[in-house]
There are 2 protein chains.
Amino acid sequence: MARPRSFNQTAVLTAAMHAFRRQGFAATSVRDLEAAAGVTSGSLYNSYRNKRSLFLAASEHYNHAVLERRIQDHAPKGSGIEGLRQLFLSLLHEPDGGSAGCLVTNSAVEFGDTEIPNFVSDGFDVLRDTFADRLGDDRAEAVALLALYQGVLVLIRAGYAAHDLKKMITHYFENLEERHGR
Amino acid sequence: MARPRSFNQTAVLTAAMHAFRRQGFAATSVRDLEAAAGVTSGSLYNSYRNKRSLFLAASEHYNHAVLERRIQDHAPKGSGIEGLRQLFLSLLHEPDGGSAGCLVTNSAVEFGDTEIPNFVSDGFDVLRDTFADRLGDDRAEAVALLALYQGVLVLIRAGYAAHDLKKMITHYFENLEERHGR
DNA sequence: CACATTATATAATGAACGTTCTAAAATGAA
DNA sequence: TTCATTTTAGAACGTTCATTATATAATGTG
């Protein structure tokens, strides 16, 4: 009945997600997005109302395809504290030394002075609930892990020595296991 | 010999610091800075080469006037773990619910994809060295506190429930004191 | 093959940006 | 008071931006 889309919607979302994660929302221009996704602005605006709408879609995609996926890969239900340790350690082996950081963390900071998008609070909730569950419902400790997780991502993005972070994580989880009786 | 400056240099630096802290470097326009500092761009460009140069000066000012000042106020040398607890708790009582966050944390994220300005690494070092000293030179724990500190600032900026953060900090420091034998 | 419909490419638009330029104003020295 | 010097105010410049408008291309259907 009409001309079909000539691009893969998920591929565009993934490309936009990477660009936004690396450079932030405001610093990523529509031309950057065209180049990253291999699609011209005409097509982007045909699928999304504006840059913000594409950003929000890419961010939801991030929460599922990257964040929840990472949890599933390293700290699935039942994996306990050991799963959480692996989850934290996995952050140290990201491409480019992890300089892209996390889209949730980065957006929390970028939008902190205005209105925080829902996907940020959602990302925090997913992490905290995962931590609490794997710890056997220790809420205060889960919030501590949430803060530690965000902080590690800030430090990694800023190029903080990965070796020091690894030692820190190792020590932290040794203590955590002792305190949670093993 | 010539016309004197008609504005207070520290006041301009402080105003710029607040603007950059709230909105970030890129999102703060020179016109924003004019309004915040009560000085026109002509004067700003007469004193600073460009926006970035003013930003770097304002950031150095932040490290001394805000960060080191906060340490001195809450966790001076000799104050031990109790000082650190007060330092962390003080973050929960910032104006506007702390939505401005920390200029070091915010800049670590904003510039994470390019070159990190020196004041960011300096800020990290000051914090980590302070933590290590007050803990009696426990480096791994100091790095954990550095990450926790950055994470708390991210969460506060994103409007995370201050009540939960307070409980978390309280629990964290109870554990810390036990582990450091008291 | 037309036709309706939707996608695509790119030009055009208007606003905002950082920076530079220009002229006036303010000072101390001569 | 005249001069050299520096600061100040704000207009002007060129660029980049997100978005809209426009024209063309591709499809299934009749």
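Below, chain A is the first sequence line, B the second, and so on; all start at residue 1. Everything quoted here is computed from the prediction, not taken from an experiment.
Each of Arg52(B) and Pro4(B) lies near DNA chain C, and the nucleotide nearest Arg52(B) is the one positioned closer to the 5' end.
A search for ring-ring contact (aromatic ring centres under 6.0 Å, His included) contacts involving Phe173(A) returns Phe88(A), not counting sequence neighbours.
Of all heavy-atom pairs between Ala27(A) and Asp32(A), the closest is O-OD2, 3.7 Å. In terms of heavy atoms, Val154(B) sits closest to Ala108(A) at CG1-CB, 3.9 Å. Closest approach of Ser121(B) to Ile116(B), counting heavy atoms only: OG-CG2, 4.3 Å.
Note: CZ (Arg5(B)) to P (dT5(D)) measures 18 Å, nearest angstrom.
Between the side chain of Arg134(A) and the main chain of Glu82(A), no donor-acceptor pair closer than 3.5 Å is present. Counting only distance, with no hydrogens or angles, the side chain of Glu110(B) and the backbone of Ala26(B) share a donor-acceptor pair below 3.5 Å. Remark: side-chain polar atoms of Arg128(A) are not paired, donor with acceptor, to backbone N or O of Ala142(A) under 3.5 angstrom.
Contact annotation for Tyr48(B): no contact, since no heavy-atom pair falls under 4.0 Å across all strands. Contacts of Thr40(B) with the nucleic acid, taken as non-hydrogen atoms under 4.0 Å apart, include base atoms. Looking at heavy-atom distances under 4.0 Å, Ser41(A) makes contact with a base.
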Provide a list of protein-nucleic acid N or O atom pairs under 3.5 angstrom, restricted to nucleotides 16-18 of chain D.
unit_1  : atom_1 : unit_2   : atom_2 : d
dA18(D) : OP1    : Thr28(A) : O      : 3.4
dA18(D) : OP1    : Lys51(A) : NZ     : 2.8
dA18(D) : OP2    : Val30(A) : N      : 2.7

Between the protein and nucleotides 28-30 of chain D, list every N/O to N/O distance that falls short of 3.5 Å.
unit_1  : atom_1 : unit_2  : atom_2 : d
dG28(D) : O4'    : Met1(A) : N      : 2.2

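Ion pairing between a basic and an acidic side chain is recognised when a charged N comes within 4.0 Å of a carboxylate O; Arg179(B) and Glu141(B) show such pairing.
For Phe55(A) and Phe119(A), the ring centers sit closer than 6.0 Å to each other.
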Using distance only, find each side-chain donor-acceptor pair of residues 12-21 of chain B under 3.5 Å and give its atom names and separation, not counting sequence neighbours.
unit_1   : atom_1 : unit_2    : atom_2 : d
Thr14(B) : OG1    : Thr10(B)  : O      : 2.8
Thr14(B) : OG1    : His61(B)  : NE2    : 3.2
Arg21(B) : NE     : Gly101(B) : O      : 2.7
Arg21(B) : NH2    : Glu94(B)  : OE1    : 3.1
Arg21(B) : NH2    : Gly101(B) : O      : 2.9

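Nucleotides of DNA chain C with any atom under 4.0 Å from a heavy atom of chain A span, from 5' to 3', dA4(C) to dT10(C).
Within the structure, salt bridge (Lys or Arg N to Asp or Glu O under 4.0 Å) pairs that include any residue of residues 38-58 of chain A do not occur (at least two apart or interchain).
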